[in-house]
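Each chain gets a letter, A, B and so on, in the order the sequences are listed, and its residues count up from 1. Because the structure is predicted, anything quoted here is derived from the model rather than measured.
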Amino acid sequence: MATRQTRTLARFMMAPSVIILFVWMIVPLVLTLWYSFQRYNLQHPDRAGFVWFRNYYFFLTDPAFVQAIGNTLILVVGVLLITVIGGVLLALLLDQPIWGQGIVRLLVIAPFFVMPTVSALVWKNMLMHPQYGIFAWLAQLFGQRPIPWLQDFPLFSVTLITAWEWLPFATLILLTALQSLDEDQKEASEMDGANFVNRFIYIILPHLARAITVVILIETIFLLGIFAEIYVTTQGGPGYASTNLPFLVYVQALLNFDVGGASAGGVIAVILANIVAIFLIRIVGKNLDA
Amino acid sequence: MGSIQLQHVNKSFGAHAVIPDASLTIEDGEFVVFVGPSGCGKSTLLRLIAGLEDTTSGEILLDGRDMTAAPPAKRELAMVFQSYALYPHMTVAQNIGFPLKMAGMDKAAIDAKVKEAAATLNLSSYLDRRPRNLSGGQRQRVAIGRAIVRQPKAFLFDEPLSNLDAALRVNMRLEISELHQQLKTTMIYVTHDQVEAMTMADRIVVLNAGNIEQFGTPMELYRTPANRFVAGFIGSPKMNFVDGAEAAKHGAAAIGVRPEHMQVSTSAGAWKGTVGVAEHLGSDTFLHVNVDGLGLMTVRTEGEKQLHHGDTVWLTPDPARIYRFDKDGRSLRAN
Amino acid sequence: MARAASTQRKVTVTIVAWVVALVIFFPILWTVLTSFKSEGDAINISHFFQTPWSIESYFEVQSRSDYFRHFFNSVIISVGSTLLALLFSIPAAWSMAFAPTSRTRDIMMWMLSTKMMPAVGVLVPIYLIFKTLGLLDNAWGLMIVLMLMNLPIVIWMLYTYFKEIPVDILEAARMDGATLGKELVYVLVPMAVPGIASTLLLNIILAWNEAFWTLNLTAANAAPLTAFIASYSSPEGLFWAKLSAASTLAIAPILVLGWISQKQLVRGLTFGAVK
Ligand SMILES: Nc1ncnc2c1ncn2[C@@H]1O[C@H](COP(=O)(O)OP(=O)(O)OP(=O)(O)O)[C@@H](O)[C@H]1O
Ligand SMILES: [Mg+2]
């Protein structure tokens with residue numbers, strides 16, 4: 001491919017990126033790990049010291065932690081279900097010949113480009129507000145009592161908002177995959193007399209399998225880190241009803257100043273994310289060979 | 001000046017030695033063609049000379065100076081790629097002027113040189129176009145233009161004509177030969193087309209599996225091939241080979257006769273056979289004859305010869321033109 | 001017959017698709033519409049279309065919370081982090097695309113894996129380091145963090161674009177006497193302009209909308225639009241119209257960029273796993 005000289009040059013050109021990414025990954029991670037074994041509260045800097053797994057013990061046995069883990073999972077799974085199923089349906093719809101396809105497509109993907117803080121605020125106030133929101137107005141229109149969504153169904157509301165943000169992503173990826181399905185293959189199966197359900201099960205779904213996997217993995221990575229939506233809408237409340245792991249760590253670190261406890265939480269978050277990452281990297285890696 | 005010397009050059013990719021051990025001296029101003037079957041290492045050898053690959057061991061000397069470790073930019077060689085490798089975002093003029101710009105020449109001088117090169121290559125009216133708006137032949141000329149402006153020590157061509165259609169290929173072949181007459185610069189030209197090799201070369205390097213089988217003028221290769229591989233590779237249609245008892249009669253492990261060195265008779269001769277396919281080209285006729293006990297042979301006769309499928313013929317090889325090979329395929333000379 | 005049936009089907013599908021699309025788009029549409037109302041009219045949904053339109057709220061937003069300062073922070077941070085990322089990634093992507101070694105693949109996979117590290121895992125040390133270095137609430141600090149966050153995506157995207165450039169052309173440049181720097185500047189980059197542009201665009205979008213680090217590492221000075229909007233999360237009286245105006249301002253520029261670069265988005269965010 002290339003000469004030794006180019007390869008040497010290549011190494012030099014690669015080095016800066018590798019080094020900064022390495023530092024960015026390793027230094028904070030090691031520090032997090034270190035803090036997680038320390039008693040370290042910014043408000044009581046005098047009472048510091050090595051405490052082994054105490055932070056983990058407190059963090060893991062804190063009822064808030066159990067709830068946060070549960071919430072994290074519900075949030076991730078809920079959003080995944082809505083976006084993947086909705087995404088497949090939308091992709092199938094948008095793959096049909098329709099008038100104004102370009103515009104429809106733009107409308108559907110728009111939410112993805114809305115910054116999370118804006119999405120959350122718009123939903124919180126314009127749609128879900130128990131007095132002035134559209135939902136309240138609709139409820140009254142049908143003679144119902146408006147529901148204080150964020151009060152009564154905080155986790156569901158956050159899930160809904162997040163799903164709205166990520167539905168376009170799933171749709172776009174699945175639509176792209178769908179469009180790469182061989183036109184001939186589609187026509188051939190139509191000629192074979194397969195009805196839509198059969199075609200969907202035997203041809204379309206297998207073709208989409210990989211794209212769906214990619215959507216699930218990538219969304220999971222981002223969804224495990226959902227923060228702004230909660231920060232802006234419920235602040236994790238009421239109680240811990242809508243607190244997920246990242247938000248709990250944030251509360252520990254920046255509100256309770258408990259660096260040790262927050263770090264233990266951070267380490268746990270890293271472990272969780274890595275489990276997902278391993279699968280995603282496998283898939284992308286396979287793709288790299290092809 | 002532009003002499004090129006390879007001394008025991010070895011090139012391996014991993015454990016696989018693509019060029020096991022090549023030594024070669026190309027004189028200044030020579031037109032040398034590398035031929036050989038696909039995958040034999042022609043491009044690799046050329047790229048070693050260009051500096052696009054480095055040698056695993058051995059030296060490459062340009063004008064007597066050791067350039068083994070020098071990067072391509074320092075070697076003052078120009079290369080024309082099979083894909084032309086024109087810069088798609090530059091106009092024809094910018095493409096041709098690029099090497100001069102890299103050499104730090106000032107704009108006015110570049111313009112003048114580009115105009116001159118374009119005039120030589122009939123490109124003057126296309127200077128403002130982009131490569132994608134040119135025909136294959138025109139692109140080829142731009143690639144050549146880019147090579148000649150800088151007056152390099154030598155030109156390296158890697159199958160430059162293989163993307164052109166047959167008629168254009170003949171034209172460009174002549175143009176490149178003419179260019180060589182004009183410039184008198186060393187040229188190395190890679191091809192797997194032996195007609196190109198025979199017609200253009202001062203000397204030909206025949207490569208097989210990375211080994212230099214023979215290095216000589218086209219006529220030397222034709223008349224005195226060093227071995228069975230060269231004998232079979234040079235000449236069209238290919239030489240006919242016979243081994244076994246018939247070869248033993250001539251004191252060799254195998255003998256070879258070129259299609260043009262046999263007499264055809266419908267009445268008598270050395271080898272009896274039946275005409276299979278007869279290819280009437282007009283000027284020549286190629287007969288594929290199934291010779292009893294010896295197998296299929298190709299014979300070249302005059303164009304008007306009226307012989308057809310199924311006819312019985314006798315072939316007689318010209319005794320002075322029988323090539324003899326030992327059991328390793330080496331040519332046996334002077335019996 | 002067949003034609004009539006297919007036309008009928010197209011009409012049905014079109015109607016369904018438009019309805020669904022409008023439902024999905026509705027929150028954005030409603031926000032934009034509300035931004036042109038007075039505060040009193042904004043919550044009067046029943047008579048929404050009878051009340052007058054005005055651009056009053058936009059002026060109020062600007063005077064209340066200085067939209068433009070935050071807008072410029074967003075621009076500086078997102079564009080700055082992107083340019084910084086390009087500076088690092090173009091040479092790296094060149095290496096991986098044109099001079100790969102047996103380890104290139106592993107390095108790429110490893111880079112991808114850094115992207116998967118959850119931000120909370122490193123929030124504490126980064127926060128403390130930034131505090132020590134005085135980088136809290138500083139545009140440079142944020143630029144660096146966002147650059148690092150998106151660097152793997154940028155490298156991957158560029159790599160996939162560079163792979164499509166024939167290596168012959170770069171070798172031709174080398175033969176023509178170009179040094180590595182000139183090869184990059186005069187040949188590779190101009191040829192990869194479309195790819196670089198879409199990488200740039202996607203990265204600006206991601207940086208513009210990033211809402212973990214921007215919320216946690218900024219206060220007043222360097223706060224970009226994400227934080228500016230978050231400051232509206234504690235309501236003070238009627239503020240629907242102002243909120244809408246602020247939101248519209250915050251999303252409009254990036255929505256346009258997003259629409260332009262939607263195709264590249266797929267490629268960038270899936271690391272080329274879906275084409
Ligand atoms: N970068 C490389 N890594 C490993 N093997 C290589 C590499 N480049 C070439 N080879 C091998 O070296 C041998 C010679 O290749 P080369 O391209 O020189 O052949 P060639 O004579 O030019 O063939 P063609 O007429 O088809 O162009 C081939 O077997 C090829 O597979
Ligand atoms: Mg070749």
Given that the side chain runs from C-beta out, which part of [X] has a heavy atom under 4.5 Å from chain A: side chain, backbone, both or neither?
X         : answer
Leu87(C)  : neither
Trp110(C) : side chain
Ile205(C) : side chain
Ile90(C)  : neither
Leu180(C) : side chain
Phe26(C)  : side chain
Thr214(C) : neither
Leu148(C) : both
Val13(C)  : both
Thr101(C) : side chain
Leu151(C) : side chain
Leu249(C) : neither

Residue, of [options], that accumulates the most heavy atom pairs under 4.5 Å with chain C:
options                                    : value
Leu9(A), Leu29(A), Ile98(A)                : Ile98(A)
Ile109(A), Val215(A), Leu106(A), Leu167(A) : Leu106(A)
Val108(A), Leu31(A), Leu127(A), Ile20(A)   : Ile20(A)
Ser119(A), Gly265(A), Pro116(A)            : Pro116(A)
Val270(A), Leu94(A), Leu121(A), Ile268(A)  : Leu121(A)
Ile134(A), Leu224(A), Val267(A)            : Ile134(A)

Approximate separation, where rounding is to 0.5 Å, of [X] [atom1] and [Y] [atom2]:
X         : Y         : atom1 : atom2 : answer
Glu183(C) : Glu171(C) : CD    : CD    : 9.0 Å
Leu93(A)  : Thr14(C)  : CG    : OG1   : 9.0 Å
Thr233(A) : Met128(A) : OG1   : CE    : 8.5 Å
Asn216(C) : Tyr250(A) : CG    : OH    : 6.5 Å
Gln235(A) : Phe247(A) : CD    : CZ    : 4.0 Å
Phe98(C)  : Met13(A)  : CZ    : CE    : 10.5 Å

Side-chain heavy atoms of [X] within contact of [Y], under 4.5 Å:
X         : Y         : value
Gln179(A) : Asp95(A)  : yes
Glu219(A) : Thr83(A)  : yes
Val145(C) : Phe130(C) : yes
Trp18(C)  : Ile103(A) : yes

With distance as the sole criterion, is a donor-acceptor pair present between the side chains of Thr31(C) and Ser247(C) under 3.5 Å?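 Side chains of Thr31(C) and Ser247(C): no pair found under 3.5 Å.
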Between [X] and chain C, which part of the residue has a heavy atom less than 4.5 Å away: side chain, backbone, both or neither?
X         : answer
Trp99(A)  : both
Val249(A) : side chain
Trp123(A) : side chain

When Phe212(C), Phe25(C), Phe88(C), Trp259(C) are compared by non-hydrogen pairs under 4.5 Å with chain A, the top option: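 Answer, by heavy-atom pair count under 4.5 Å with chain A: Trp259(C).
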Looking at Ile15(C), Ile24(C), Ile251(C), which makes the most heavy-atom pairs under 4.5 Å with chain A? Ile24(C)
Residues forming a side chain to side chain donor-acceptor pair (under 3.5 Å) with Ser263(A), sequence neighbours excluded: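 Expected list: none.
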State which residues pass side-chain contact (heavy atoms from CB on, under 4.5 Å) with Pro246(A); sequence neighbours excluded, sorted by chain then number.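 Here the qualifying residues are Asn244(A), Val120(C).
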Name the one of Phe112(A), Phe169(A), Trp166(A) that satisfies ring-ring contact (aromatic ring centres under 6.0 Å, His included) with Phe222(A)? Trp166(A)
